[in-house]
2 protein chains.
Amino acid sequence: MTVSSQVSVLQRIQAEGALTTSCPTRTVLDHVTSKWGVLLLVFLSDKSMRWGELRRAVDGISEKMLAQTLRTLETDGLVHREVTATVPPRVDYSLTELGTDLVERLLPLMEWIVDNADDIVGR
Amino acid sequence: MTVSSQVSVLQRIQAEGALTTSCPTRTVLDHVTSKWGVLLLVFLSDKSMRWGELRRAVDGISEKMLAQTLRTLETDGLVHREVTATVPPRVDYSLTELGTDLVERLLPLMEWIVDNADDIVGR
DNA sequence: CGGGATCCATACTGATACTG
DNA sequence: CAGTATCAGTATGGATCCCG
């Protein structure tokens with residue numbers, strides 16, 4: 001038996017003409033794999049978090065990039081923003097259904113990276 | 001029974017103090033999820049490819065970023081570079097064992113993105 | 001063919017100040 | 001608390017030319 005009996009993911013992707021510059025996939029890919037996008041999505045995988053919690057949790061992020069990245073993810077429908085109009089104000093961020101779905105595919109990758117990072121950087 | 005009986009990926013990550021600025025995971029994450037890193041890894045998932053093939057396959061990449069990203073991935077031990085000293089010279093790139101392992105975790109994510117990109121960008 | 005070197009544009013960051 | 005606005009510095013990516 002040959003190994004070419006089933007269509008690879010890459011072949012599927014290319015067959016659809018995806019991953020070209022003009023393709024929506026590239027936009028989504030850029031958002032999802034952006035420097036801070038991945039981290040925010042992962043940190044939201046467990047529970048909803050408040051703005052200040054996220055700022056403290058995601059080490060090194062500037063307030064500007066936190067706001068900007070959250071807005072992008074919200075626009076993409078991956079993250080839900082819930083405002084509670086109290087004093088002081090409270091804003092919670094959580095994953096949407098779409099976001100949860102995405103993060104399911106993201107976590108195995110993160111886990112692998114955490115497990116193998118030392119092997120890679122050590123070189 | 002409660003839902004907290006098993007440790008989530010995020011909890012594992014945080015317990016190890018991973019994902020902080022100084023952590024190797026962040027370096028690897030930046031390389032792997034870099035704008036072009038993901039695409040090159042995915043395109044190499046099927047077979048080894050030559051420099052020129054990659055340049056044509058990865059739509060929009062500049063020669064500089066192709067060279068730079070390939071060098072980073074090679075240093076990380078994810079991509080193997082094989083030079084054949086002919087005239088004209090021939091250079092083939094392929095995934096290492098480590099790279100193959102990584103891409104296995106990357107492909108489900110890519111597949112999801114390709115399948116859902118239209119829902120996301122349409123907003 | 002497979003790059004390296006150079007220069008320029010943009011994106012990101014950091015610090016600070018201000019608001020509802 | 002949860003942002004927005006602005007400015008300045010830096011890092012990153014892109015375009016072009018050149019070379020073995």
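A note on names: the letters A, B, ... follow the listed sequences, proteins ahead of strands, and every chain is numbered from 1. Just the heavy atoms: all of them, side chains too, but no hydrogens, waters or symmetry mates, feed the values below.
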Nearest-Å distance for atom pair [atom1]/[atom2], residues [X] and [N]:
| X | N | atom1 | atom2 | result |
| --- | --- | --- | --- | --- |
| A:Glu63 | D:dC1 | CD | C1' | 10 Å |
| A:Leu66 | D:dA2 | CG | C1' | 10 Å |
| B:Trp51 | D:dC19 | CH2 | P | 18 Å |
| A:Arg55 | D:dC1 | CZ | P | 8 Å |
| A:Glu82 | D:dA2 | CD | P | 13 Å |

Going by side-chain hydrogen bond (donor to acceptor under 3.5 Å, both in side chains), name the pairs with one or both residues in residues 96-110 of chain B, residues two or more places apart or in two chains. A:Trp112-B:Asp101
Residues which pass salt bridge (charged side-chain N to carboxylate O under 4.0 Å, His left out) with [X], listed by chain and number, not counting sequence neighbours:
| X | result |
| --- | --- |
| A:Asp30 | B:Lys35 |
| A:Arg81 | none |
| B:Asp115 | A:Arg12 |

Indicate every side-chain donor-acceptor pair of residues 48-57 of chain B with a distance under 3.5 Å to a residue at least two apart or in another chain.
{"residue": "B:Glu53", "atom": "OE1", "partner": "B:Arg50", "partner atom": "N", "Å": "2.8"}

pair A:Leu44-B:Leu10: side-chain heavy atoms closer than 4.5 Å: no
Is there a side-chain contact between B:Val79 and B:Leu95 in this structure, where contact means two heavy atoms from C-beta onward sitting under 4.5 Å apart? yes
Which residues share a side-chain contact (heavy atoms from CB on, under 4.5 Å) with B:Ser34, sequence neighbours left out: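 For B:Ser34 the side-chain contact (heavy atoms from CB on, under 4.5 Å) partners, ignoring immediate neighbours, are B:Thr69.
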Which residues pass the side-chain contact (heavy atoms from CB on, under 4.5 Å) test with B:Val9, sequence neighbours left out?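 B:Val9 satisfies side-chain contact (heavy atoms from CB on, under 4.5 Å) with A:Leu107, A:Glu111, B:Ile13 once adjacent residues are dropped.
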Taking distance alone, no hydrogens or angles, what donor-acceptor pairs closer than 3.5 Å link side-chain atoms of residues 22-29 of chain B to residues at least two apart or in another chain?
{"residue": "B:Thr25", "atom": "OG1", "partner": "B:Leu19", "partner atom": "N", "Å": "3.1"}
{"residue": "B:Arg26", "atom": "NH1", "partner": "A:Asp59", "partner atom": "O", "Å": "3.3"}
{"residue": "B:Arg26", "atom": "NH1", "partner": "B:Leu19", "partner atom": "O", "Å": "2.6"}
{"residue": "B:Arg26", "atom": "NH2", "partner": "A:Asp59", "partner atom": "O", "Å": "2.9"}

What nitrogen or oxygen pairs link the protein and nucleotides 11-13 of chain D at under 3.5 Å?
{"residue": "D:dG13", "atom": "OP2", "partner": "B:Gln68", "partner atom": "OE1", "Å": "3.4"}

Please figure out whether B:Arg71 or B:Arg56 has its closest DNA chain C nucleotide nearer the 5' end.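 Here B:Arg56 is the residue nearer the 5' end.
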Who passes side chain to side chain donor-acceptor pair (under 3.5 Å) against A:His80, sequence neighbours left out? none
Hey, does B:Arg50 reach any base, or is it just sugar-phosphate, or nothing, if we go heavy atoms under 4.0 Å?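 Answer is sugar-phosphate: B:Arg50 comes under 4.0 Å of backbone atoms only.
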What bend angle does the helix from C:dC1-D:dG20 to C:dG20-D:dC1 show across its length, from five-pair end axes and to the nearest 10 degrees?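 Result, rounded to 10 degrees: 50°.
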Using a 4.0 Å cut-off to any heavy atom of chain A, which nucleotides of DNA chain C are the first and last in contact, reading 5' to 3'? C:dC12 to C:dG20
